[in-house]
Each structure stands twice: as C-alpha cells, then as structure tokens.
Amino acid sequence: MTVETSTWATKKGLAQMLKGGVIMDVVTADQAKIAEDAGAVAVMALERVPSDIRAMGGVARMSDPAMIEAIMNAVTIPVMAKARIGHFVEAQILEALGVDYIDESEVLTPADEAHHIDKHAFKVPFVCGCRNLGEAIRRINEGAAMMRTKGEAGTGNVVEAGTRWCGRSPGTVAYRS
Amino acid sequence: MVRQIARDGRLPVVNFVAGGISTPADAALVMQLGAEGVFVGSGIFKSEDPARMANAIVQATTHFDDAKILAEVSKGLGAPMRGIAMEQLAESDRLAVRGW
Amino acid sequence: MKIGVLAVQGAFAEHVATLDAIGVEGVEVRLPSDLEGIGGLILPGGESTAQRRLIDRWGLREPILDLARSGAPIFGTCAGMILLSHEILDGDEPVFPLLDVSVRRNAFGRQLDSFEGSVAVPILGDQVVHGVFIRAPIVERVGEGVDVLARLDDGRIVAVRERNVIATAFHPELAGETRFHRLLTTMAAEHDDPGEGSGRRHHPTRRTGLAR
C-alpha cells in the first residue's frame, strides 16, 4: 500500500470533519479544556483574544510556542494557531510545532503589504479569512484548504459577519461582494 | 475554479463564519444564512459564564433551524461580552479590511 | 428505503450525498423523532467529543441503541467507529457499545500524519478501497464475534463488523466510494424484509453462526 500524507484530500478533509461545529479562541490550557468539555470541535490557541488585541494596540504577532504546546498537550481535539498575513516563517514554526491548522489571520498585524503566504508549500493545512468571493478565490488559489468569512473580530457584533452573507439554502453560499 | 464555484453555488472548501459571534442566536443566524460552522473568538471567555455560553453556542450551531431549542439553550446564560457598535470603530481600527 | 445520518456535527452532508449517488434517501438525524421510519443509520466522521455532548443532551443514546438492537444496520466512519466501540483507550466512557473492540483515538498522530492510500476490503470485492485517514483511530483489540474487514500492510485493523454493525477508521464518503453504503442499504432491506433479494440464502456477509 502506498501511503501519501498531507494531500489535498486530507487538508480539506479535516475541515470537513469540523463542519457543524464551533471553533473557540483560547488563551490557556485551562480554557482549552473548558472549550473541549463544552463540545468545541477545535480550539484556536492564541495569547490574547481579538478584543484584547484591539484594546492593547501595537503589533500583534504569533503566540509563544510554549503556550501553544501547552494547549496541544491539554486537549485531544485539533489545535489551530495564527500566523501573521505573509509571515511564512511564523507559519514554518507553527508547522514544526505540529499544530493541526494554521490561520493566516488579519487579527494579527500583517507582515507583508502585498503577499499572502504560499500555502501550497506547507504540509499543514491553512484557513484564511475573506470578505468576498474574490478574496476567497485568491486564498484558495494560494493553497488555503478552509475559509472563514470575516466579520469584525473582537467586537461582539454580528452585523459584520451576518451581512456579508446572502444564503440561498443551508450549505449553499453566495457572496454579496 | 471560478466555473466550479458558479456551477456548485459554493466554495470548493469548507467555509465557516468568524468575527462578532457572541450568543447562541448569533451562531444560529450565520448557520441559517449558510455557514458550515462558526469560529467564536472573544465571545466565550469574555462572557460572564464561559462554560455555559460555550455549550449553548455548540447546541445552537447544531440545532440552528429549531427555534424552540434555540430558546431553550439561550436561557440564563448571564451577560455576553459587552461588544462595540460598528459606528464607534474608526476605519483604521478595523481588522477585517486587512488582506486583499 | 430511508437511511438516517447522524447530523449533530461532522461530515454528515458527504454521507447524504453518497447515499443520493446510489439512489437512496438520506435523512439528517438531530433529534430522536428524526429516527422514525429509517432502515439503517450512519454515524459520520467529526469530533467524537463534540458529538457525544450533542447525543446526550437531546436523548439520542437510547433510541439509537434500540434501533441497533432491533437489527437495523449501523455504519460508523472515523468518529463513528469511536462512538460504536466497547472501549475507548485513554478516553471517555463508551457511547454506543455495540462493537466488542478497543479503539485508540488519533492513533496515527496529529493532522500532519493524516494520509490516504489503498486498502483491501475483501467483502467488497477485489477492487481496493481508496481510504482517506484523517486523525484516524485504530482498532487495537477485537472480541470473538467481530470480523476484521480490513487491515493496513503492517497488520493494524482499520475496518470491522459485528453482526449488523460496521465501522471503518477511514472515510469512504470522501473518496467517492459507494460500496459500503450499498452494503448498508442491502442489509437494511434484508432487515426490513428477510425474504428480500436471494430469498432463502443468507446475505453473503452474514455470519451464519451468529444470525439471529
């Protein structure tokens, strides 16, 4: 039997397994346990949740690998972590840690004004944010295996996420771009 | 890829919604609009009772189309995160516009 | 003939689509009332820890066990295999202990170790199954009444059957593989009407000694 790891089917497939579920931001191993016990399908390990990033200002970067590892050791569900837009070295570090998904995220301060990460070059799958169909297609073309329509993070205000959608039927998505 | 998306009416990868979801009703709203799942950031651990809020949002994401269950799981959750109105947020403070 | 697909969380839409491809109506099951009128049930891949919470909260455990005990066929993939096992090694209590096996969750490691490859499944014929393994479990122990349906080259067990319950560690529904779903549908039709198909003969996959 020939075995092939990190194929498109396995990258995209993990996201398929998460469907119908909730992925929760956590900043400590204790929070990760609470999320897992509550029925989260995955956790996003980061040092500060978006509302605190917003409050603190300054440059927001990849989280401390020790903290990400502590969360990976605390739960059995998949662990995701964020890299800055375009910061392929942060992504290399996260891949070396063995995280299950990398979020190339606008919540952190972008590291490149022009380019996103070449996600095809990685074995670990990526999720990326998008506001419209054009952005989604560009990210998938760069190798993203999962998308997330971005509302305004850290506001607790669903207007941004909600109004970017115009649903036709469940599972069928069209963008108002 | 564009042709495939036009034919299927959906992206070729799974698509979740993120940003601003802080109650079970919010999660059910985006699910009814066609999301395949949700990311919840500040909404859980900035609420009064994170474990209950987390569980309620999980239940609402599964039973997004059943208003009776949504009413049931929304009871007695304590205060959600405070939130910010979009008008109060300067364009330069917006994160979602990053990426291109 | 309708086949239910547990739709509390996970890749249930892929199973409904696979059933649709063989002309069988798939019914999404979120509440006990959704089980009415179905001839068999699929437990899809997903996160078993999350699925467990949703199964218990709305009282799905007993009705699904009753369905299985009535002889209706049940098919679990990945997380579904975990839910069907007697013992989850280093894990939580069993959910639907219908397969006398012990499974280990995430047995191959993390997502970077997820893989795909061909797997021989003799009861489905000579043509191999293309298996997609995503953070997949492994069966580490099988009890006496359990048939091993497939192994990896190194001997590790990735598909099993005990009477009317089948489970795979991999995802046929992600690879356009319909034979498991056809088998399930055949078993459901036989359960519904024992005279179906070949009439007096047992279904080829049925263990005659154990047939009830």
Side-chain angles (χ1 to χ4, degrees), chain A residues 12 15-16 18-27 31 34-35 37-41 44 49-51 54 85 106-107 110 116 128-131 133 135-137 140-141 144-162 165-174, chain B residues 1-2 5 8-23 25-27 29-46 50-59 61-62 64-65 80-86 89 93-100:
Chain A
K12 185 181 145 186
Q16 287 173 276
L18 303 179
K19 283 196 295 183
V22 183
I23 300 170
M24 303 183 190
D25 280 4
V26 297
V27 300
Q31 286 190 356
I34 292 171
D37 288 343
V41 291
M44 179 73 70
V49 294
S51 63
R54 192 175 280 291
I85 289 174
E106 73 284 355
V107 167
H116 283 67
C128 287
C130 65
R131 278 169 304 165
L133 187 54
E135 272 189 48
I137 290 173
I140 296 167
N141 207 37
M146 179 181 186
M147 295 306 304
R148 89 189 135 64
T149 302
K150 47 187 178 181
E152 190 58 31
T155 61
N157 190 334
V158 78
V159 64
E160 286 287 293
W165 291 73
C166 102
R168 277 186 254 161
S169 66
T172 309
V173 175
Chain B
M1 179 161 54
V2 174
I5 293 169
D8 299 346
R10 58 186 303 152
L11 295 176
V13 300
V14 170
N15 193 3
F16 274 43
V17 163
I21 293 167
S22 44
T23 65
D26 289 350
L29 172 70
V30 297
M31 290 297 287
Q32 284 197 24
L33 289 172
E36 294 183 291
V38 299
F39 280 87
V40 184
S42 324
I44 289 170
F45 290 99
K46 289 287 170 188
R52 289 195 65 175
M53 184 62 84
N55 189 271
I57 292 177
V58 167
Q59 302 294 339
T61 302
T62 292
F64 64 90
D65 237 353
M81 73 178 282
R82 189 167 176 282
I84 306 173
M86 292 315 296
L89 203 59
D93 289 336
R94 295 195 176 197
L95 306 177
V97 297
R98 294 172 174 174
W100 34 89

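Just so we're on the same page: letters track the sequence lines, and every chain starts at 1.
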Closest non-hydrogen atoms of Asp25(A) and Phe45(B), given as atom of the first, atom of the second and distance, are O-CD1, 3.5 Å

Cut-off 4.5 Å, heavy atoms of chain B, and the answer for Ala145(A) is backbone

Residue from Val41(A), Asp37(A), Val27(A), Leu18(A) scoring the most non-hydrogen pairs under 4.5 Å with chain B is Leu18(A)

Between the CZ atom in Phe39(B) and the NZ atom in Lys150(A), the distance rounded to the nearest 0.5 Å is 13.0 Å

Value for CZ (Arg148(A)) from CD (Glu36(B)), rounded to nearest 0.5 Å, stands at 15.5 Å

Per-residue tally against chain B (heavy atom, under 4.5 Å) across Asn141(A), Val49(A), Val26(A) peaks at Val49(A)

Here the pair of heavy atoms bringing Met31(B) nearest to Gly20(A) is CE-CA, 4.3 Å

**Message:** With side-chain contact (heavy atoms from CB on, under 4.5 Å) as the criterion, how do Val38(B) and Ile23(A) come out once you've worked through the C-alpha distance, each side chain's angles and the decisive distance to 0.1 Å?
**Reply:** CA-CA 6 Å; Val38(B) 299; Ile23(A) 300 170; over 6 Å; no

Taking every heavy atom of Ile57(B) against every heavy atom of Val22(A), the minimum-distance pair comes out as O-CG2, 3.9 Å

Given Thr23(B), Val58(B), Thr62(B), the one with more heavy-atom pairs under 4.5 angstrom with chain A than any other is Val58(B)

Of all heavy-atom pairs linking Ser42(B) and Ser51(A), the shortest is OG-N, 3.2 Å

Of Val17(B), Leu11(B), Val14(B), the one forming a side chain to side chain contact (heavy atoms under 4.5 Å, CB included) with Met147(A) is Leu11(B)

Practice prompt. Answer whether the closest heavy-atom distance between the side chains of Asn15(B) and Thr149(A) falls below 4.5 Å.
Written response: yes

In terms of heavy-atom pairs under 4.5 Å with chain B, the winner among Gly21(A), Cys128(A), Ala144(A) is Gly21(A)

Looking only at Ala56(B), Pro50(B), Pro12(B), the option with the highest number of non-hydrogen pairs under 4.5 Å against chain A is Pro12(B)

From the list Lys19(A), Glu135(A), Met44(A), the residue making the most non-hydrogen contacts under 4.5 Å with chain B is Lys19(A)

Okay, Ile44(B) and chain A: the region with an atom under 4.5 Å from a heavy atom over there is side chain

